[in-house]
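If you're wondering where the values come from, they're calculated on a predicted model, not measured in any experiment. Computation of the quantities below employed the complete heavy-atom set of this structure, encompassing side-chain atoms and omitting hydrogens, waters and symmetry-equivalent molecules.
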Amino acid sequence: MTKAFDQRVPQQIFIHPAAITHVESTGPVKFMQQVTVRVPGSTSNLGPGFDCLGVALRIYSHVTVVRGGKFRHPPIVREAARLFFARARRAPFSFSATIESGVPPSRGLGSSAAIRLGILHALNRLSGSPLDRLSIFHLSAELEGHPDNAAPASFGGFTVVRDKNIHRFDVSDHLHFVLLVPDFEIKTSAARDILPSRIARAGAVESCANACAITAAFASRNYSGLKGAFADQFHQPFRQKLIPFLPRVVAAAEKAGALGAFLSGSGSTIAAITLQDRHKVAAAMERAARSTSAHVILTTVDNEGIQIKPRTSNIKHHHVPLA
């Protein structure tokens, strides 16, 4: 055990549909005309935790929604709005939406979940907060088709999703995430199409064992238990066809002192986790990627999840109008 941060009982929450008052927002704010929602990006799967494990990261999208006007929204916004008004049983109203995003799109870092959650939470607040946070998470997971990004982005920390239930744990700031973000996109649909319909039993057993080890390490904060646990037979071996430098980047990160590395979500980002020199790990990953154009993001875990904040003017992110 690492005594610096293993002796405390971690803040953990079991989120069940029947018991969610502790994760709800601070109460309805009626008749608002504009709201800005901060949503963290996330890394998901963590290797063997396919479609069930995720971690919220301190990279953010800010979604601002303003009542009024007539705008043509892209499908991701229209679908979220349509589902919200139908499930919340609120009369639809017109709105504009703007994204200021620090989450690279189509890189396996939860950019689509961040947009959907931002729209859903903003519309919910402008409608008098008829839905609680867990209900909005379920709407986002339904739109996404999988819950592993929506859960950490909603609740922060490390999350495990099982059916409609969520376990979440705070994560120490001592744990660093090194993200190698290639300059090419991978669509989730394409990354899923490449997966086989069946895998060998031995591979499934190994993957399940590693997913359990990852969960135990985060739950206990014995992060040394993460070492060697990110290998899987569910998706990474098959997605190497899309990211051929994945194995050597993972090996380089581990050789440089990382606890391990893995394909973030469906890619193209490769994430490493370390308690040691994150800059050394980042340099090793960049060298291993060789001629591939990429950049590195150094970050830690966001333990807050969705935050509804006053509009500010000093957010330095890429400006993307969604109208």
Distance from [X] atom [atom1] to [Y] atom [atom2], nearest 0.5 Å?
X      : Y      : atom1 : atom2 : result
Ser172 : Asn303 : OG    : CG    : 9.0 Å
Ile243 : Leu180 : CD1   : CG    : 11.0 Å
Leu131 : Arg125 : CG    : CZ    : 12.0 Å
Asn149 : Ser112 : CG    : OG    : 6.5 Å
His73  : Arg78  : NE2   : CZ    : 9.0 Å
Ile59  : Thr299 : CD1   : OG1   : 6.5 Å

Same cluster (ILVMFWY, side-chain, under 4.5 Å), [X] and [Y]:
X      : Y      : answer
Val181 : Val55  : yes
Phe238 : Leu246 : yes
Leu53  : Leu226 : yes

Legend entry - Nearest non-hydrogen partners of Ser264 and Thr43, listed with the distance: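 So the two residues come closest at OG-OG1, 2.7 Å.
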Legend entry - Distance-minimising heavy-atom pair for Leu263 and Gly267: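 Closest approach of Leu263 to Gly267: CD1-CA, 3.6 Å.
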Taking the side chain as every heavy atom from C-beta outward, state whether [X] and [Y] have any atom pair closer than 4.5 Å.
X      : Y      : value
Val296 : Met285 : no
Asn124 : Ser129 : yes
Phe137 : Ile306 : no
Phe155 : Leu134 : yes
Pro104 : Ile297 : yes
Ile308 : Val37  : yes
Leu195 : Phe50  : yes
Asp183 : His295 : yes

Inset, instruction - Check side-chain contact (heavy atoms from CB on, under 4.5 Å) between Ser140 and all other residues, then give those that pass, not counting sequence neighbours. - result: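 Partners of Ser140 by the side-chain contact (heavy atoms from CB on, under 4.5 Å) criterion, ordered by chain and then number, come out as Arg116, Leu117, Leu120, Glu144, Ala150.
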Side-chain donor/acceptor of [X] to backbone N/O of [Y], under 3.5 Å:
X      : Y      : result
Thr98  : Thr64  : no
Tyr223 : Leu259 : no
Gln236 : Phe262 : no
Arg107 : Thr269 : no
Arg58  : Val301 : yes
Asn45  : Gly265 : yes
Asp277 : His279 : yes
His235 : Gly47  : yes

Inset, instruction - Can you label the angle between the Phe93 ring and the Phe95 ring as parallel, tilted or perpendicular, going by 30° and 60°? - result: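 Judged by the thresholds at 30° and 60°, the geometry between Phe93 and Phe95 is perpendicular.
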Inset, instruction - Could you check Asp302 against Leu57 for side-chain contact (heavy atoms from CB on, under 4.5 Å), going step by step and ending with a plain yes or no? - result: CA-CA 5 Å; Asp302 174 283; Leu57 301 174; 5.9 Å; no
Legend entry - Pair Arg239 + Asp232: basic N to acidic O under 4.0 Å: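 Salt bridge between Arg239 and Asp232, a charged N being under 4.0 Å from a carboxylate O: no.
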Legend entry - salt_bridge(Asp51, Arg192) N-O dist < 4.0 Å: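 Salt bridge present between Asp51 and Arg192.
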Inset, instruction - Show the numbers, then the answer: is there a side-chain contact (heavy atoms from CB on, under 4.5 Å) between Phe245 and Ser268? - result: CA-CA 10 Å; Phe245 51 89; Ser268 56; over 6 Å; no
Inset, instruction - Assess whether side-chain contact (heavy atoms from CB on, under 4.5 Å) is satisfied between His167 and Thr215, documenting all intermediate values. - result: CA-CA 10 Å; His167 295 264; Thr215 301; over 6 Å; no
Inset, instruction - I would like to know whether Val65 and Ile119 meet side-chain contact (heavy atoms from CB on, under 4.5 Å); could you show each step before the answer? - result: CA-CA 7 Å; Val65 172; Ile119 295 294; 4.0 Å; yes
Legend entry - Residues Ser207 and Asn210: side-chain donor-acceptor under 3.5 angstrom: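 No, Asn210 and Ser207 have no side-chain donor paired with an acceptor closer than 3.5 Å.
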Legend entry - Of Glu304, His121, His62, the residue whose pairing with Arg38 passes side-chain hydrogen bond (donor to acceptor under 3.5 Å, both in side chains):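 Single pass found, and it is Glu304.
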